[in-house]
2 protein chains.
Amino acid sequence: MSFKSDIEIAREANKKPIQEIGAKLGIGSEYLLPYGHDKAKVSQDFIANLNGREDGKLILVTAINPTPAGEGKTTTTVGLGDGLNRIGKNAAICIREASLGPCFGMKGGAAGGGYAQVVPMEEMNLHFTGDFHAITSAHNLLSAMIDNHIYWGNELEIDERRIVWRRVMDMNDRALRDIVVSLGGVANGFPRQGGFDITVASEVMAILCLANDLDDLQKRLGDIIVAYRRDRTPIYARDINADGAMTVLLKDAMQPNLVQTLENNPAFVHGGPFANIAHGCNSVIATKTALKLADYVVTEAGFGADLGAEKFMDIKCRKAGIAPDAVVIVATVRAMKMNGGVAKADLGEENVAAVEQGCPNLGRHIANVKSFGVPVVVAINHFVTDTEAEIKAVKDYVESQGSEAILCQHWEKGSEGTVELATRVAELADGGWSSFAPLYPDEMPLFEKVETIAKRIYHADEVLADKKIRDQLRAWEEAGYGHLPICMAKTQYSFSTDPNLRGAPTGHSVPVREVRLSAGAGFIVVICGEIMTMPGLPRRPSAEAIMLNAEGEVEGLF
Amino acid sequence: MSFKSDIEIAREANKKPIQEIGAKLGIGSEYLLPYGHDKAKVSQDFIANLNGREDGKLILVTAINPTPAGEGKTTTTVGLGDGLNRIGKNAAICIREASLGPCFGMKGGAAGGGYAQVVPMEEMNLHFTGDFHAITSAHNLLSAMIDNHIYWGNELEIDERRIVWRRVMDMNDRALRDIVVSLGGVANGFPRQGGFDITVASEVMAILCLANDLDDLQKRLGDIIVAYRRDRTPIYARDINADGAMTVLLKDAMQPNLVQTLENNPAFVHGGPFANIAHGCNSVIATKTALKLADYVVTEAGFGADLGAEKFMDIKCRKAGIAPDAVVIVATVRAMKMNGGVAKADLGEENVAAVEQGCPNLGRHIANVKSFGVPVVVAINHFVTDTEAEIKAVKDYVESQGSEAILCQHWEKGSEGTVELATRVAELADGGWSSFAPLYPDEMPLFEKVETIAKRIYHADEVLADKKIRDQLRAWEEAGYGHLPICMAKTQYSFSTDPNLRGAPTGHSVPVREVRLSAGAGFIVVICGEIMTMPGLPRRPSAEAIMLNAEGEVEGLF
């Protein structure tokens with residue numbers, strides 16, 4: 001049996017004009033700003049007038065800890081959205097935009113896969129509607145204005161050693177990680193160390209994804225801390241007078257993008273913050289807009305539930321005043337096997353014992369998510385090599401945890417493969433069983449918040465942090481930042497900080513290496529382990545094989 | 001009497017849906033890729049099918065040497081396009097896109113002014129359709145791939161001291177002019193000197209503006225010289241395998257952008273290369289497309305006629321196989337006065353003698369342009385302080401040179417103010433009087449080409465270049481680049497290389513400081529004097545005052 005590739009399926013898509021997709025949600029074509037015939041932004045004016053409407057049900061799709069086997073979280077998000085529409089519900093999906101840089105490194109970046117995809121796939125993996133370019137420009141305008149301020153006399157008394165605002169580029173370019181800028185003499189400024197991160201790591205990205213509207217956006221941009229004085233007092237983007245111009249650069253990017261699934265159902269694709277040093281969810285404005293327009297909104301969060309779902313609940317929902325009505329945890333037989341100790345090369349062989357051994361990883365995610373007060377269902381994303389016995393092992397395990405696992409075949413069959421899941425999810429969401437509460441209250445001291453996440457979500461025994469880090473957290477509390485939520489940056493491959501520790505480890509410690517204040521986004525980043533904010537290209541970057549073929553189609557991107 | 005500002009006029013514009021503008025040119029809406037409701041790209045497919053059609057008449061708008069008084073070249077281009085439509089002709093205009101970076105430095109960047117503008121003005125000065133972002137990405141992908149190649153073993157034996165490909169950003173950021181990259185140890189590469197130019201200075205920009213189609217684009221991108229080996233042999237972008245992915249990043253940017261004038265006439269706004277180290281014209285593909293769709297195409301070239309018109313003729317027309325049917329030279333009474341020695345503060349006072357004294361600058365441009373074998377008419381762009389006597393002085397002078405000067409009032413009156421000019425231009429273009437030939441043949445030796453431009457256009461006595469420069473030119477001739485045209489980079493304020501030498505100087509020397517090979521764009525850059533390829537921000541950048549007002553409109557950008 002041979003399968004078509006994702007890109008082959010995407011190219012065969014029978015796309016409808018984006019105005020027809022908008023019409024499904026009641027958006028008049030005058031409120032859709034088209035980008036080509038298959039993409040559009042929903043206008044700010046239209047969104048501003050939705051305020052009085054009732055919200056639809058919010059469904060989060062999250063997953064077990066990712067393994068090299070792949071879980072298909074986005075694919076399941078798309079498949080579930082199509083499934084809900086198939087059973088007669090008015091549903092929309094909300095996912096993140098892809099970053100351009102990594103597309104030229106490793107193959108990848110598709111939005112879903114198989115018969116559960118969002119299109120136009122190529123544009124979504126290239127410039128799309130320019131949002132990330134706008135974020136890059138806004139970020140780097142602030143950078144240029146900081147050095148320019150120093151150049152012209154440094155009235156604000158910026159300590160050049162304590163500039164914390166770097167530059168960004170949507171490119172994998174390790175040569176820009178650590179640089180010295182302003183060389184070349186008097187005309188070019190004062191030499192100092194600097195560097196570039198990839199655009200998705202920009203605080204501007206996190207801000208755009210958390211802002212409720214343009215006013216809120218500008219306020220948050222103004223709140224960014226760009227540097228400190230010798231006396232350690234902070235200097236804000238507002239002090240540099242950059243917040244207004246940054247907002248102007250971002251005004252179009254703040255409008256959510258509407259595209260469609262292969263089954264012509266509406267998909268909002270907007271924003272894409274890092275899931276380690278940021279919260280890893282699509283934009284609040286897209287999710288809130290979708291909730292006003294659809295009866296069911298299916299969205300996802302980055303990495304596994306220990307990072308993604310926790311941040312979705314404790315950062316995005318808390319700040320946006322929204323709450324999930326049901327949560328889907330995606331698992332695969334293959335990933336269970338890997339959690340059970342099987343090597344990637346051996347995943348094709350049936351191994352029920354390994355599946356059973358890996359299931360506790362899933363079990364812990366189920367319990368964790370339930371602890372937020374939300375109903376949970378497990379989606380087993382079917383893979384062709386899965387055996388009946390293996391699937392039954394997962395189902396039995398989930399049942400033993402007081403939950404339910406449903407087999408989904410959206411990759412192969414589209415919405416036909418998610419009818420059962422969609423039906424159950426709609427029941428759960430409509431049942432009113434959700435009594436959502438975040439993990440910790442705003443007023444809990446910052447270090448206690450870190451401990452709460454580490455102990456209750458990661459099942460660690462303790463958090464290790466030296467005096468300097470604890471003092472820093474206390475200093476931020478005194479400066480009025482104590483109410484902020486925590487954004488954990490740790491490996492996505494394990495509940496612990498050791499990427500090789502699969503399954504459901506206990507008794508481990510969470511060592512905190514560094515803490516950062518994202519005052520504009522409104523969270524404290526707690527870094528446990530190495531976090532790369534500017535990737536490099538591999539020895540043979542996929543860019544070398546990317547080209548237009550004789551038909552003018554993009555080859556090598558997927 | 002009080003006048004409305006450009007932005008006030010632009011906001012009152014009665015814009016038509018871009019599909020209606022496309023329809024005027026016979027472009028079906030399926031071939032227009034909309035960006036919002038008032039901008040669109042003309043699809044590659046549509047353009048590819050225009051080949052058999054006859055070309056319209058091509059009209060170049062150029063100017064005297066710019067002065068701080070302003071000449072209004074773009075304004076006149078727009079006004080003439082509207083004027084031609086007003087007298088019943090089917091006319092389109094072709095102008096360049098604005099660079100984002102400078103908008104945050106000095107106020108500016110509008111497309112025309114008064115009642116001769118192209119809209120939507122704000123978008124055109126911000127991200128527009130993302131072309132410049134695409135160029136930035138393509139350029140920096142190549143940069144990243146060069147350092148990545150070295151990082152993984154440097155098979156091509158790139159001499160790290162001889163990397164000539166820098167990075168770009170569409171931002172005025174002097175701190176990035178001279179930097180050291182790849183600091184931080186083994187994981188980040190080999191430290192070396194580098195730097196950023198502004199995006200409009202990228203050779204990718206020049207290439208995009210000279211390429212005939214996507215195949216030609218990829219070929220030219222592959223031809224870019226990125227570095228040299230120790231033995232001085234060149235390494236091309238093709239050797240790095242970057243040309244395919246760069247083409248993919250540029251495939252949308254290659255499609256010309258269609259917008260409209262205040263009078264709802266079609267305007268192609270596409271590309272914007274520097275007018276010193278590059279040729280300073282809008283894209284060949286936009287101009288050629290417009291020529292297939294309109295009976296008259298009005299376009300412009302950067303700076304004064306000594307740089308802009310010369311490069312238009314010797315680079316753009318030569319490479320694209322097109323020729324102007326008539327040329328309009330824009331002059332103002334104020335600029336004539338400044339050329340006659342009047343200070344900017346005193347321009348409001350009548351001074352016929354100064355006007356007469358400044359006119360030889362105009363006279364030389366007339367003679368120069370005529371020497372290309374094309375009919376010339378002078379447009380006097382009217383300013384409210386101009387007196388009858390001053391205007392008469394210009395007209396009389398031009399008549400004494402065997403040409404004709406026509407007063408235009410498009411800034412105040414729109415097309416009503418250019419009826420006379422449009423009528424005359426149409427006569428000239430239709431008269432078949434043009435017998436265009438470039439200034440020098442392809443086969444002329446490179447240094448002789450430089451001398452030909454310096455003597456015949458600048459009226460210099462000699463070109464000064466040391467042995468190293470002459471040897472370099474000879475080496476390029478031997479390497480097969482001898483057929484390339486010359487792209488002069490000198491001050492735009494004078495026929496000479498001294499910006500303070502106004503009027504029509506003679507007896508001066510043209511000292512060549514440096515020569516560069518733009519092998520992808522296909523020209524030799526000859527640098528005479530200081531050329532800034534990365535601007536800085538002023539003490540009070542306009543960014544500080546740019547913001548959204550309570551109505552959500554952009555303030556401070558203009």
Side-chain angles (χ1 to χ4, degrees), chain A residues 33-37 44 100 104 126-127 130 133-134 136-137 140-141 143-145 147-148 151-152 169-184 187-189 193-194 214 218 241-242 244-245 247-249 251-252 536-537 539 541 543-548 552 554 556-557, chain B residues 33-37 44 100 104 126-127 130 133-134 136-137 140-141 143-145 147-148 151-152 169-184 187-189 193-194 214 218 241-242 244-245 247-249 251-252 536-537 539 541 543-548 552 554 556-557:
Chain A
L33 301 165
Y35 284 66
H37 300 293
Q44 211 81 51
L100 185 62
F104 297 103
L126 292 169
H127 307 291
H133 291 315
T136 304
S137 293
N140 291 335
L141 173 63
S143 311
M145 289 176 79
D147 279 304
N148 190 60
Y151 177 85
W152 287 105
M169 189 185 279
D170 197 2
M171 191 61 67
N172 285 17
D173 190 349
R174 68 170 68 75
L176 293 177
R177 284 175 189 156
D178 283 307
I179 66 175
V180 171
V181 299
S182 299
L183 293 166
N188 297 355
Q193 282 186 281
L214 286 170
Q218 177 158 356
N241 295 320
T247 305
V248 167
L249 280 168
K251 74 180 172 62
D252 293 336
L537 292 170
R539 184 183 285 271
E544 293 189 4
I546 292 174
M547 61 188 67
L548 293 178
V554 179
L557 188 55
Chain B
L33 301 165
Y35 284 67
H37 300 294
Q44 213 80 53
L100 185 61
F104 296 104
L126 292 168
H127 308 292
H133 291 315
T136 304
S137 293
N140 291 335
L141 173 62
S143 310
M145 289 176 79
D147 279 305
N148 190 58
Y151 177 86
W152 287 105
M169 188 184 280
D170 197 2
M171 192 61 66
N172 286 17
D173 190 348
R174 67 169 70 73
L176 293 177
R177 285 174 190 157
D178 283 307
I179 66 175
V180 171
V181 300
S182 299
L183 293 167
N188 297 355
Q193 281 186 277
L214 285 170
Q218 177 158 355
N241 295 319
T247 305
V248 167
L249 278 168
K251 74 179 171 59
D252 293 336
L537 292 170
R539 183 183 285 270
E544 294 190 4
I546 293 173
M547 61 189 67
L548 294 177
V554 179
L557 188 55

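Both backbone and side-chain heavy atoms feed into the values below; hydrogens, waters and symmetry mates do not.
Heavy-atom pairs under 4.5 Å with chain B peak, among Asp170(A), Asp147(A), Leu183(A), at Leu183(A). In terms of heavy-atom pairs under 4.5 angstrom with chain A, the leader among Val248(B), Asp252(B), Asp178(B) is Asp178(B). If you tally non-hydrogen atom pairs under 4.5 Å between each of Leu214(B), Val554(B), Leu141(B), Thr136(B) and chain A, the highest count goes to Leu141(B). Between chain B and the options Leu100(A), Ile546(A), Leu126(A), heavy-atom pairs under 4.5 Å are most frequent for Ile546(A). Contacts with chain B were tallied for Gly130(A), Ala545(A), Gly184(A), Ala543(A); Ala543(A) has the most, counting heavy-atom pairs under 4.5 Å.
For a residue to count as touching a neighbouring chain, one of its non-hydrogen atoms must lie under 4.5 Å from one of that chain's; by this rule Leu249(A) touches chain B with backbone and side chain alike. Contacts of Asn172(A) with chain B are made by backbone atoms alone, with heavy-atom separations under 4.5 Å and no side-chain atom involved. When heavy atoms are compared at a cutoff of 4.5 Å, Phe104(A) approaches chain B solely by way of its side chain, counted from C-beta outward. For Ala242(A), no part lies near chain B; criterion is any non-hydrogen pair under 4.5 Å. For Met145(A), the parts lying near chain B are the backbone and the side chain together; criterion is any non-hydrogen pair under 4.5 Å. Heavy atoms closer than 4.5 Å to chain B are found in both the backbone and the side chain of Asn188(A).
In this view, His127(A) and His133(A) satisfy the ring pair (Phe, Tyr, Trp, His ring centres under 6.0 Å) rule, not counting sequence neighbours.
You'll find the side chain of Val180(B) stays beyond 4.5 Å of the side chain of Ile179(A), heavy atoms only. Side chains of His37(A) and Pro34(B) form a contact here, defined as non-hydrogen atoms less than 4.5 Å apart. At least one side-chain heavy atom of Asn148(A) sits under 4.5 Å from a side-chain heavy atom of Pro541(B). When side chains are defined from C-beta on, Met547(B) does not count as touching Thr247(A), because their heavy atoms never get closer than 4.5 Å. A 4.5 Å side-chain heavy-atom check between Ser137(A) and Met169(B) finds every atom pair outside the cut-off.
Shown here for Ala175(A) and Val181(B), the closest heavy-atom pair between the two residues is O-CB, 3.3 Å.
Side chain of Arg177(B) to backbone of Ala187(A): a donor-acceptor contact under 3.5 angstrom is found.
To the nearest 0.5 angstrom, Trp152(A) atom CH2 is 10.0 Å from Leu537(B) atom CG. For the atom pair CG of Leu176(A) and CG of Leu176(B), the computed distance is 9.0 Å after rounding to the nearest 0.5 Å.
Taking a 6.0 Å sphere around CD of Glu544(B), one finds it holds more than 12 heavy atoms contributed by other residues, nucleotides or ligands.
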